[in-house]
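The analysis underlying the following values was restricted to heavy atoms, covering all of them including side chains, and did not include hydrogens, waters or symmetry mates.
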Amino acid sequence: MGKVAWGFTCSIDGFIAGPGHDMSWLSTAEPLAEGTTERMAGKVAAIISGRDGYDAAKAQRDERDELTSEAYGGAWSGTEIILTHRPEELAGDPTVVALDCDVVEAIRRARDIAGDRDVQIISADIARQALEHDLVDELQVFVAPVFLGDGIRIFDVPGGRRIDWELVEIFEDSPRSFGRTYRPAGR
């Protein structure tokens with residue numbers, strides 16, 4: 001069975017999206033070495049994302065560039081699961097599977113779809129919920145050289161919750177982006 005990974009590029013000040021899910025700042029990130037995006041995308045069979053991100057991507061379709069208009073800049077193909085309390089509103093979009101369930105059930109279904117390939121979470125809120133249930137096997141982090149000042153924080157848990165991570169891999173071919181892979185400490 002594949003792993004459940006939470007992957008993102010963030011700003012130096014800890015945001016994964018700007019206000020209104022703005023992703024235009026991603027152009028400041030270092031381009032990954034040739035083949036890196038394709039290699040990473042090839043491991044992923046299912047993506048889990050949230051309704052707010054889905055709606056923002058649709059609304060910003062004409063503003064987004066090649067990198068941010070599709071998952072992995074278009075290098076990925078698979079099943080995208082959108083968690084929403086109103087799945088019937090997405091029934092006309094054949095590119096996604098809309099689910100109204102908790103994160104545990106969503107990850108179970110995504111794992112069934114993925115088989116021996118990975119499930120990728122691309123939502124901070126969904127990842128936070130998955131971490132509450134210890135369902136994240138890997139954290140994939142890239143850092144863009146930009147301060148956003150506002151937006152969607154990587155990990156926002158009022159009252160706090162500490163989660164320790166162990167370094168698994170350094171993306172040596174992308175030194176400016178600080179590309180790193182971690183797993184939960186003790187696993």
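- Rounding to the nearest 0.5 Å places CD of Gln129 at 6.5 Å from CD of Glu132.
- In this structure a side-chain-to-backbone donor-acceptor pair under 3.5 Å is missing from Arg39 to Glu34.
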Verify side-chain contact (heavy atoms from CB on, under 4.5 Å) between Ile163 and Leu131, making sure each step is shown before the conclusion.
-> CA-CA 9 Å; Ile163 300 173; Leu131 286 166; 3.9 Å; yes
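- Using a 3.5 Å distance cut-off with no hydrogens or angles, the side chains of Asp125 and Ser123 do not pair a donor with an acceptor.
- Cluster membership for Phe178 and Val168, using ILVMFWY side-chain heavy atoms within less than 4.5 angstrom, is not shared.
- Annotation for Pro145 and Ala29: closest pair CD-CA, 4.2 Å, computed over non-hydrogen atoms.
- Put simply, the side chain of Gln140 does not reach to within 4.5 Å of the side chain of Glu169, judged on heavy atoms.
- Taking CD1 of Ile121 as the start and CD1 of Ile126 as the end, the distance is 7.5 Å to the nearest 0.5 Å.
- The two residues Glu80 and Ser49 make their nearest non-hydrogen contact at OE2-OG, 2.8 Å.
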Assess whether side-chain contact (heavy atoms from CB on, under 4.5 Å) is satisfied between His133 and Val103, documenting all intermediate values.
-> CA-CA 9 Å; His133 295 280; Val103 71; 3.8 Å; yes
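- In this structure, Val143 and Ile12 have side chains that are in contact, with non-hydrogen atoms separated by less than 4.5 Å.
- Rounded to the nearest 0.5 Å, atoms OG (Ser11) and CZ (Arg153) are 8.0 Å apart.
- Counting heavy atoms from C-beta outward, Leu99 and Pro87 have side chains that stay 4.5 Å or more apart.
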Just do the side-chain contact (heavy atoms from CB on, under 4.5 Å) check on Leu148 and Asp13 with the steps written out, would you?
-> CA-CA 7 Å; Leu148 295 179; Asp13 58 345; 4.2 Å; yes
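- Ionic pairing of Lys3 and Asp118 is present here: one or more N-O contacts between side-chain nitrogen and carboxylate oxygen are shorter than 4.0 angstrom.
- A donor atom on one side chain and an acceptor atom on the other are not found under 3.5 Å apart for Glu138 and Thr181.
- Considering all non-hydrogen atoms of both residues, Asp156 and Arg128 come closest at O-CD, 3.5 Å.
- To the nearest 0.5 angstrom, Leu167 atom CG is 10.5 Å from Leu139 atom CG.
- With a 4.5 Å cut-off on side-chain heavy atoms, Leu83 and Ile48 count as touching.
- Trp25 and Ala144 get closest at one heavy-atom pair: CZ3-CB, 3.8 Å.
- Using a cut-off of 4.0 Å between Lys/Arg side-chain N and Asp/Glu carboxylate O, Asp137 and Arg111 are scored as salt-bridged.
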List the steps, then state whether side-chain contact (heavy atoms from CB on, under 4.5 Å) holds for His21 with Asp52.
-> CA-CA 8 Å; His21 280 81; Asp52 288 345; 3.5 Å; yes
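- Between Thr9 and Leu26 there is a side-chain heavy-atom pair separated by less than 4.5 Å.
- In this structure the side chain of Leu90 reaches within 4.5 angstrom of the side chain of Tyr54, judged on heavy atoms.
- Between Pro184 and Trp165 there is a side-chain heavy-atom pair separated by less than 4.5 Å.
- Taking the ring axis of Phe171 as reference, the NZ or CZ atom of Arg180 does not stay both within 45° of it and closer than 6.0 Å to the ring centre.
- The two residues Ile152 and Ala124 make their nearest non-hydrogen contact at CG2-CB, 4.0 Å.
- The shortest distance between side-chain heavy atoms of Phe8 and Val141 falls below 4.5 Å.
- Annotation: the span from Leu135 atom CG to Arg108 atom CZ amounts to 12.5 Å, rounded to 0.5 Å.
- At a threshold of 4.5 Å between side-chain heavy atoms, the hydrophobic network of Ile, Leu, Val, Met, Phe, Trp and Tyr places Ile82 and Trp6 in two separate groups.
- If you chain together hydrophobic residues whose side chains sit under 4.5 Å apart, Ile113 and Val104 fall into the same group.
- In this structure, Gly92 and Pro94 approach most closely via the heavy-atom pair O-CD, 3.2 Å.
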